[in-house]
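Let me begin by presenting the structure, written as structure tokens, before commenting on it.
When reading the values below, keep in mind they use all heavy atoms of this one structure, side chains included, and skip hydrogens, waters and symmetry mates.
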Amino acid sequence: MSEIVNLSDKLPTPKANPAARENKIRIRGARQHNLKNIDLELPRDRLIVFTGVSGSGKSSLAFDTIFAEGQRRYVESLSAYARQFLGQVDKPDVDAIEGLSPAISIDQKSTSHNPRSTVGTVTEIYDYLRLLFGRAGEPHCPQCDRSIVPETIDQMCDRVMSLPEGTRFQILAPVVRGKKGSFQKLLSSFASQGFVRVRVDGEVLRLDEKIQLNKNKTHNIEIVVDRLVKKQEITERLHDSLSTCLGQGSGLAIIEILNKDATENETIVFSENFACPEHGAVMEELSPRLFSFNSPHGACPNCHGLGNLRTFSPELIVPYPDAPLYSAIAPWADKDSSYYLSLLYSVAEAYEFEMETSWNQLTAAQQEIILYGSKKEIYIYTAVDEEEERGYYGLYKGAIPMLDQQYKLTGSELQKQKLEQYLINQPCAECQGKRLNPQSWR
């Protein structure tokens with residue numbers, strides 16, 4: 001009688017890499033270039049600096065041995081199809097390297113001063129991260145952090161049919177969300193399409209009744225598409241009702257479960273788009289370009305992917321707070337024209353303070369108006385003399401918006417250089433310096 005032998009019991013147990021276990025990188029017999037059979041142990045997870053005179057083998061050890069071997073192992077771990085595009089990576093002249101992980105290399109060189117270049121883009125790690133988030137990421141609403149997942153009608157039907165038997169619910173199509181108006185024509189169109197009921201601001205009303213809405217208040221209007229009781233035989237009707245609901249509600253459908261007791265009804269919101277069912281925040285399908293600040297699809301719309309904005313600093317514009325108002329605004333103080341003095345005089349007349357008042361004696365509200373403009377129209381003087389006063393009613397734009405417009409529109413390099421002394425770099429308030437569209441990271 002033959003004996004059955006388990007071959008797995010005869011195989012040797014694989015040994016763990018001792019260098020990796022000890023958290024070290026061990027190099028044995030490194031002979032690349034001018035290295036003379038070097039043996040070396042390096043601690044992992046540490047910043048290590050190689051120093052020495054020119055020709056001592058620093059680059060040969062760091063780049064041509066350690067990095068080259070890590071890169072070679074990484075390439076060999078890829079499929080044969082991927083390796084044919086990367087080319088052959090030669091093994092460095094070394095006996096063994098233990099405890100080594102895939103590595104990146106940053107050469108010491110003069111890079112461009114492009115503000116869009118980062119360590120991530122220069123080393124091309126950012127390309128892999130964009131691919132990772134674009135393929136494995138899960139979109140969330142930037143306002144409520146709700147997961148945004150498009151669903152098909154079949155998936156919606158399956159979720160509804162998973163409700164307990166006998167559950168009463170109604171299907172609603174949201175058509176107006178937080179908008180002002182009386183919506184008489186819209187309500188009439190619903191009645192002509194055969195709908196019987198609508199829910200207005202939480203109250204269900206019949207369309208054959210007269211519905212009067214205050215046009216100055218915001219309203220929420222949903223069409224009551226159908227009322228059903230959960231049974232196995234309603235599947236086809238449920239599918240048709242959801243299809244009608246999604247067409248009327250721009251891809252949104254609300255299932256309201258009607259409780260028999262006085263407790264608040266439970267609602268389920270479905271969306272067939274990449275959109276938040278609560279706030280309507282629409283996102284495009286995740287892709288690598290959505291995570292690139294060098295792409296218009298992924299860059300922050302406010303700073304265009306730079307992470308910061310050059311803005312005029314109030315502290316630089318008013319360098320001497322003790323100075324009187326007529327000379328406190330530094331970019332305007334060296335102007336020969338009386339135009340800016342007339343503007344300041346107009347603001348002082350409108351808000352009842354004197355031109356001789358020092359800047360630090362003005363209230364915070366008065367300083368805000370001078371720097372950022374008035375919210376109401378004031379009389380702006382164009383000429384002030386003993387014979388007559390001329391002017392017009394209009395909005396005072398403010399010193400900073402006027403300087404910003406002048407900086408952007410001027411074609412004079414000399415004028416730009418003069419204004420740049422009042423500019424500072426500030427993190428973008430929209431993306432908080434992250435460079436990306438808030439949809440990508442919130």
Side-chain angles (χ1 to χ4, degrees), residues 113-121 126 129-130 133-134 137-148 177-178 218 274-276 278-284 286-319 321 328-332 347 359-360 362-376 395-410 416-442:
H113 297 285
N114 191 328
R116 295 187 177 277
S117 295
T118 65
V119 174
T121 58
Y126 198 68
L129 292 176
R130 291 194 297 113
F133 282 95
E138 180 181 335
H140 288 74
C141 174
Q143 299 183 42
C144 65
D145 201 34
R146 181 190 301 228
S147 178
I148 299 176
R177 310 182 78 185
T218 58
F274 270 99
C276 175
E278 179 68 22
H279 299 96
V282 180
M283 290 185 61
E284 65 174 276
L286 292 188
S287 61
R289 68 179 186 177
L290 193 62
F291 298 95
S292 172
F293 50 76
N294 290 324
S295 167
H297 299 278
C300 170
N302 190 39
C303 65
H304 305 290
L306 294 175
N308 54 61
L309 294 170
R310 300 200 71 190
T311 58
F312 284 92
S313 168
E315 290 77 16
L316 297 179
I317 290 175
V318 187
I329 310 296
W332 291 355
V347 176
W359 178 262
N360 55 13
L362 296 172
T363 65
Q366 291 169 339
Q367 293 177 358
E368 183 84 5
I369 292 169
I370 294 171
L371 290 176
Y372 297 101
S374 60
K375 295 182 180 179
K376 66 176 184 179
L395 286 175
Y396 166 66
K397 297 180 181 179
I400 289 181
M402 292 175 67
L403 290 170
D404 187 58
Q405 183 180 22
Q406 185 180 1
Y407 179 77
K408 291 177 179 178
L409 297 181
T410 184
K416 276 196 171 186
Q417 290 177 7
K418 288 182 177 180
L419 293 176
E420 281 176 353
Q421 60 182 311
Y422 306 108
L423 290 169
I424 59 172
N425 287 328
Q426 285 189 333
C428 174
E430 186 71 18
C431 68
Q432 300 175 12
K434 293 180 172 64
R435 299 186 173 207
L436 291 172
N437 192 311
Q439 292 181 348
S440 305
W441 57 270
R442 279 186 181 170

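Between Ala399 and Ile329 the shortest heavy-atom distance is CB-CG2, 4.5 Å. His297 and Asn437 make their closest contact through O-ND2, 4.4 Å (heavy atoms, listed as atom of the first residue, atom of the second, distance). Scanning all heavy atoms of the two residues, the minimum distance from Leu316 to Ala330 falls at O-CB, 4.3 Å. Residues Ser292 and Arg130 come closest through the heavy atom pair CB-CD, 3.5 Å. Of all non-hydrogen atoms in Ala299 and Phe293, the two that sit nearest each other are CB-O, 3.5 Å. Scanning all heavy atoms of the two residues, the minimum distance from Leu371 to Pro401 falls at O-CD, 3.3 Å.
For the atom pair CE of Met402 and CH2 of Trp332, the computed distance is 4.5 Å after rounding to the nearest 0.5 Å. The line from CG of Asn308 to SG of Cys431 is 8.5 Å long, rounded to the nearest 0.5 Å. Atom CG of Leu309 and atom NE2 of His304 lie 8.0 Å apart (nearest 0.5 Å). Distance CD/Gln426 to CZ/Phe312: 12.0 Å, rounded to 0.5 Å. Here the OG1 atom belonging to Thr311 is positioned 12.0 Å from the CG atom belonging to Leu403, to the nearest 0.5 angstrom. For the atom pair OH (Tyr407) and CG (Leu419), the distance works out to 8.0 Å, reported to the nearest 0.5 Å.
In this structure, Cys428 and Leu306 have side chains that are not in contact, with every pair of non-hydrogen atoms separated by 4.5 Å or more.
Partners of Gln405 under the side chain to side chain contact (heavy atoms under 4.5 Å, CB included) rule, at least two apart in sequence or in another chain, are Lys397, Leu409.
Checked by atom type and distance alone, the side chain of Tyr372 never pairs as donor or acceptor with a backbone atom of Ile400 at under 3.5 Å. Using a distance-only test at 3.5 Å, with no hydrogens or angles considered, no donor-acceptor pair links the side chain of Glu430 to the main chain of Cys303.
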* Verdict with supporting geometry, Val318 and Ile370, side-chain contact (heavy atoms from CB on, under 4.5 Å) -> CA-CA 11 Å; Val318 187; Ile370 294 171; over 6 Å; no
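Using cut-offs of 30° and 60° for the angle between ring planes, the Phe291 and Phe133 rings count as tilted.
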